[in-house]
Amino acid sequence: MEFSAATTRDATLFTVGGVTLDALVLTLPLDVDVKARVIAQLSNPVYAIQLGHLLYSFYDKYTGEIVNEDIFKGYLLDTFSEPELKNWQHTLFTLEQGEGDGSKETATQADIINRQFIAMLVTLYDALFGKDKLLYGSDLPEQYRYLTDSPSDRETVSTVQHILIEMLTQYSASLEGGDIKSAILRVIEDGKPEHLEKENNQAQAITISLIDFVRLNVLKGYRQFLLEKAKSKAVDDWMIRTLKNNPNALIEYLDHQNQRPMAVQVVVDGLQQALMQGLVSKTPSPFLQQVKIDELNATNFAPQHVEITTPNVVPDNRFLYQIAETPFDDTRYLPFFRQLYQHDRNGVVEYGVSTTPTISVRNLPIVKTGANVAGEGGTGIPNFHFVDRKQDRAYYFFGNDALQLDPLFDGNGAKTQFERLVPMVTLNCNAQYDWYAQSSYDPLLNLGLGEAIRDFGEQRCLNDLERRGHEEISLRKERKKLVDDIKRYQSISIWSPLTRYTKRLAVEDHIQLYAEKSQKGLPDFVLAYNPWADHFAHFTGPFADEILAPTGELNRLDYWLGRMENVYREAGVYDQVLWGMAGDHGLTPIHYIVSPEREIFDGIDADYGISPIIRKISSDEGEGPKITHAFRYPSNRGVDIIVASTAGGNYMMDLFNSSRGWATQPLFHELTYWKSLSSATDEPGIDIVHETVKRLGESLDYLVVRETDCNTEKCIVRLVGERDGKRVDEFIERKGSYSRYYAKDGKQPVLLDLYAQNPYASQQSDAQKMQKAALINQCMVPASNSLPETWCNEDTWRQLTRLTPRPDSINQLAHLYDEDRAGTINLFPAQGIGYNTKVPGRHAGEHFHEKDAFIGFWGTAVNADSRIGSAVNGSLSPTLYEYLTNKPVVVGQDGWGFPSLLNQLQTSDNHPSDNQSP
């Protein structure tokens with residue numbers, strides 16, 4: 001990045017959408033004055049170059065020759081007969097063309113929206129340029145600097161807010177009445193002068209987020225352009241220097257480049273291993289059979305003595321009911337996963353684990369980067385929502401707070417794969433945390449448009465890979481020619497200096513041409529994120545036809561994975577690639593809905609006359625996003641209890657009654673005499689834990705609270721729930737990597753089903769029963785001993801709990817409160833129950849379906865004799881990193897939070913060091 005930007009500042013070099021920058025600007029639906037001002041400033045290379053790369057990032061990458069239609073639907077029509085497809089129609093797939101099904105009509109409408117979107121970017125860029133020091137182009141910051149409440153930034157916000165309100169006013173006039181128009185009108189109302197000082201002003205909040213979005217993408221696009229140019233020049237300089245000093249080293253390098261290891265990391269939201277294995281099984285799957293039993297007996301999950309409602313959608317599970325009894329053994333269905341389980345089964349972890357709470361905002365950065373949540377180099381993101389007591393700010397990431405994830409992640413010192421692999425060619429396909437990526441497709445744009453334009457992000461990433469695949473074939477030939485040229489140069493006698501010098505000049509010319517293309521081939525590392533299996537399962541149910549049927553989301557995922565693999569096969573490099581894929585969590589059905597606020601706090605009010613001040617910082621699942629003012633966010637002081645829920649499976653309560661101060665998380669014993677702020681000094685406190693458990697009853701699986709202060713080194717948590725109408729208190733105590741699990745009064749623990757058989761797995765063999773009995777004897781018999789070295793370590797607990805309905809439960813709960821912002825009390829609902837939701841699919845809880853996250857590897861580098869029994873999905877990144885670099889991963893060092901699984905995937909004669917760069 002020391003490469004001078006000055007060498008790139010020739011505006012005539014730039015075309016966007018196949019036309020020059022000025023021609024494109026003329027076609028955009030811009031205000032007349034804005035258009036004239038932009039055209040006039042294009043002669044300024046600093047203005048034009050940055051604008052050109054911004055528009056390239058959002059125009060060329062997302063339009064061009066790509067067809068905006070449902071590619072997967074076309075594949076289905078070519079693969080299945082019409083009668084077959086009619087049988088598998090559902091809310092996300094019909095044979096009729098029309099709005100909302102990915103048709104060309106919808107795509108055309110989206111193209112118009114795209115032009116309006118591009119016009120908005122140009123308008124905002126023009127408003128910011130000259131007023132914002134980040135957009136002068138002469139100094140690229142190491143990290144993006146977000147807006148602050150400084151006078152200069154407030155002036156910038158005021159300028160852009162005026163423009164935004166004008167655009168929204170024009171846009172709202174074209175909308176019919178409804179939720180979207182009402183939300184926009186509220187923003188416009190907040191834009192009036194009399195509301196400027198309003199707390200959490202929506203117009204200002206959106207303006208701040210929009211400015212950060214535009215500035216960030218201007219700098220990211222420009223930075224990526226310069227990075228690629230800098231790398232090409234560095235390759236050129238190094239190769240020419242090495243040709244002079246050590247030609248054999250250059251030959252070795254070029255040979256290696258044709259054999260270099262590559263890695264593809266795929267992260268799929270909501271991908272569950274047991275489900276995928278069951279779907280491709282040729283014999284009836286115990287998993288699917290038990291799921292069918294659960295669905296047919298859903299009334300058994302109805303909790304007693306609490307008020308219940310039901311989701312707004314009844315899932316259509318016809319395909320599930322069919323294949324549970326008669327497997328769908330058809331090679332047209334899930335062909336990629338069918339091959340994976342047939343030929344690379346030993347690369348798929350038998351029981352992959354999602355960390356608790358099983359929520360995307362927490363688990364996605366874990367899976368993408370290999371960092372843990374807490375500690376040095378951790379992500380610092382414990383949940384989809386949390387209260388930062390030191391900052392006095394609440395975060396909820398469904399809304400504009402999503403833009404805060406990157407600074408939170410960076411501020412905690414976490415590293416991404418892209419940062420670790422900067423010297424390599426890298427590509428990001430729709431994943432967050434991509435500041436260091438060499439090329440990137442925006443995750444927020446994919447989420448925003450991918451639901452309306454199916455295959456939006458997938459086909460754009462694939463199109464890029466296919467271009468690179470063709471270029472890789474050409475580059476491989478170029479490298480071989482260069483090697484031959486260098487050898488011929490070496491063969492010329494030193495006694496023929498003129499001939500030797502002339503040949504060297506010719507080789508240098510060849511090197512220069514090669515270096516210019518050196519970054520255009522297949523990436524050394526690709527990160528691809530697919531959100532759709534999770535995104536739609538919330539609203540349809542995780543086992544509905546929309547997800548499982550041949551026309552459903554999992555078969556759509558399968559199609560794109562197969563297309564991606566084919567790029568590497570056709571380029572002739574498939575044997576050099578280690579593929580890795582993980583889900584951040586699974587999902588489980590919701591049959592009944594309970595409101596903890598109504599049950600707990602309304603009940604307390606009725607019984608004790610206590611009306612605590614409650615602030616809810618989240619939306620209910622199925623509701624819209626929330627907007628938070630980045631400068632003037634609401635204070636949490638003066639609030640008794642802050643509550644939040646996400647995905648129906650985790651409900652968090654933050655309380656502030658610690659005797660050690662407002663900013664300190666209270667412990668269990670302090671919660672047993674809790675008082676509201678309005679309580680009189682002499683009023684007795686109430687036991688908020690007891691009230692919560694008693695009032696939620698059997699709708700609660702269990703809650704977790706700190707028994708002692710917790711950190712990465714030690715912790716004691718208390719689990720409380722009801723079983724058979726009686727309260728149960730249990731404890732997990734951790735010191736370092738050793739833990740013990742025990743119940744109050746020496747009873748046998750029951751909350752974590754340690755002694756139970758997993759109903760979603762095959763019946764245990766005699767060997768497994770003996771193994772489990774031995775592990776229970778090892779971990780539970782000495783549980784009363786106070787010496788940690790006699791307790792079980794994390795690996796042993798993981799081996800034991802994989803044979804239960806709750807994989808890795810002890811370890812996950814023992815680390816729940818490593819991060820101080822993880823809430824005071826975390827509630828997890830019982831199976832079939834959702835807390836504060838409207839939809840039939842949940843995660844974030846502790847049911848088997850939610851915990852069982854897919855993690856698997858495949859490719860010729862995988863040569864294991866047996867499957868790995870259990871591993872956390874955070875091991876995806878370190879495994880691929882170790883394969884690419886041959887650098888050992890040590891947990892707890894350099895930001896790594898999880899171990900590499902590479903040694904367990906390979907035999908001793910198939911080690912990555914055989915393929916490493918000289």
Side-chain angles (χ1 to χ4, degrees), residues 11 14 16-17 19-63 110-137 144 147 152-175 180 184-185 187-188 190-192 202-222 400 403 442 444-445 448-449 627:
F14 283 92
V16 178
V19 298
T20 59
L21 202 53
D22 55 351
L24 174 64
V25 170
L26 287 172
T27 68
L28 292 174
L30 291 164
D31 179 84
V32 174
D33 292 340
V34 173
K35 185 176 290 187
R37 189 166 56 249
V38 172
I39 293 294
Q41 292 191 88
L42 288 180
S43 59
N44 176 354
V46 178
Y47 182 98
I49 295 298
Q50 292 186 148
L51 176 60
H53 286 293
L54 174 67
L55 297 187
Y56 169 78
S57 297
F58 286 101
Y59 199 91
D60 274 26
K61 280 190 172 185
Y62 296 107
T63 55
D111 286 340
I112 295 172
I113 294 171
N114 285 343
R115 290 182 69 247
Q116 292 173 338
F117 175 68
I118 297 298
M120 180 198 71
L121 291 178
V122 173
T123 301
L124 294 180
Y125 175 81
D126 180 65
L128 290 170
F129 189 84
K131 302 176 183 67
D132 191 288
K133 60 184 180 181
L134 282 186
L135 301 187
Y136 283 120
Y144 173 71
L147 289 172
S152 60
D153 283 352
R154 286 200 301 270
E155 183 180 349
T156 299
V157 172
S158 178
T159 300
V160 174
Q161 181 177 320
H162 175 70
I163 297 169
L164 174 64
I165 294 300
E166 285 187 350
M167 290 192 292
L168 288 177
T169 302
Q170 294 173 9
Y171 180 56
S172 65
S174 66
L175 296 175
I180 294 177
I184 290 175
L185 291 176
V187 173
I188 294 171
D190 271 4
K192 295 179 178 178
Q202 299 287 282
Q204 289 180 354
I206 291 176
T207 302
I208 293 165
S209 296
L210 193 57
I211 292 172
D212 274 328
F213 178 80
V214 172
R215 294 198 320 166
L216 174 62
N217 280 283
V218 167
L219 292 173
K220 188 187 296 182
Y222 193 29
N400 67 330
L403 289 175
D442 189 75
L444 298 180
L445 195 62
L449 294 178
I627 304 300

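Side chains are part of it too, since the values below use all heavy atoms of this structure and drop only hydrogens, waters and symmetry mates.
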Check your understanding: If you look at every heavy atom in Leu445 and Asp442, which pair is closest and at what distance?
Key -> N-OD2, 2.8 Å
**Study point:** Heavy-atom side-chain proximity of Leu51 to Leu42 below 4.5 angstrom
**Key:** yes
Check your understanding: If you measure from CD on Gln204 to CG on Asp190, what distance do you get to the nearest 0.5 Å?
Key -> 8.5 Å
Review point. Do Asp22 and Val25 touch side chain to side chain, with heavy atoms closer than 4.5 Å?
Key: no
Review point. Which pair of non-hydrogen atoms, one from Leu128 and one from Thr156, has the smallest distance, and what is that distance?
Key: CD2-CG2, 3.3 Å
Check your understanding: Nearest 0.5 Å, what's the CG-OG1 distance between Leu164 and Thr159?
Key -> 12.5 Å
Exercise for review: Output yes when a side-chain donor or acceptor of Asp212 lies under 3.5 Å from a complementary backbone atom of Leu147, and no otherwise.
Suggested key: yes
Check your understanding: Under the 3.5 angstrom rule, does the side chain of Ser209 hit a backbone N or O of Ile206 as a donor-acceptor pair?
Key -> no
Exercise for review: Mind checking the CG-CD1 spacing from Leu30 to Ile118? Nearest 0.5 Å is all I need.
Suggested key: 10.5 Å
Exercise for review: Look only at the side chain of Ser158 and the backbone of Arg154, and say whether a donor-acceptor pair between them is shorter than 3.5 Å.
Suggested key: no
Check your understanding: So, Tyr125 side chain and Tyr47 main chain: donor-acceptor pair closer than 3.5 Å or not?
Key -> yes
Review point. Nearest 0.5 Å, what's the CD1-CG distance between Ile211 and Asp153?
Key: 8.0 Å
Check your understanding: Could you state the interatomic distance from CE (Met167) to CG (Leu124), rounded to the nearest 0.5 Å?
Key -> 4.5 Å
**Study point:** Non-hydrogen atoms of Gln161 and Ala203 that approach each other most closely
**Key:** NE2-CB, 3.9 Å
**Study point:** Val122 backbone acceptor or donor facing Asp126 side chain under 3.5 Å
**Key:** no
Check your understanding: What pair of heavy atoms forms the shortest contact from Leu28 to Lys35, and how long is it?
Key -> O-NZ, 3.1 Å
Check your understanding: Taking atom OH of Tyr144 and atom CG of Leu403, what is their separation to the nearest 0.5 Å?
Key -> 9.0 Å
Exercise for review: May I ask you to test the Met120-Leu210 pair for a side-chain heavy-atom distance under 4.5 Å?
Suggested key: yes
Study note, to complete from the structure: Closest heavy-atom pair, Ala127 versus Ile163, reported as atoms and distance to 0.1 Å, is CB-CD1, 3.4 Å
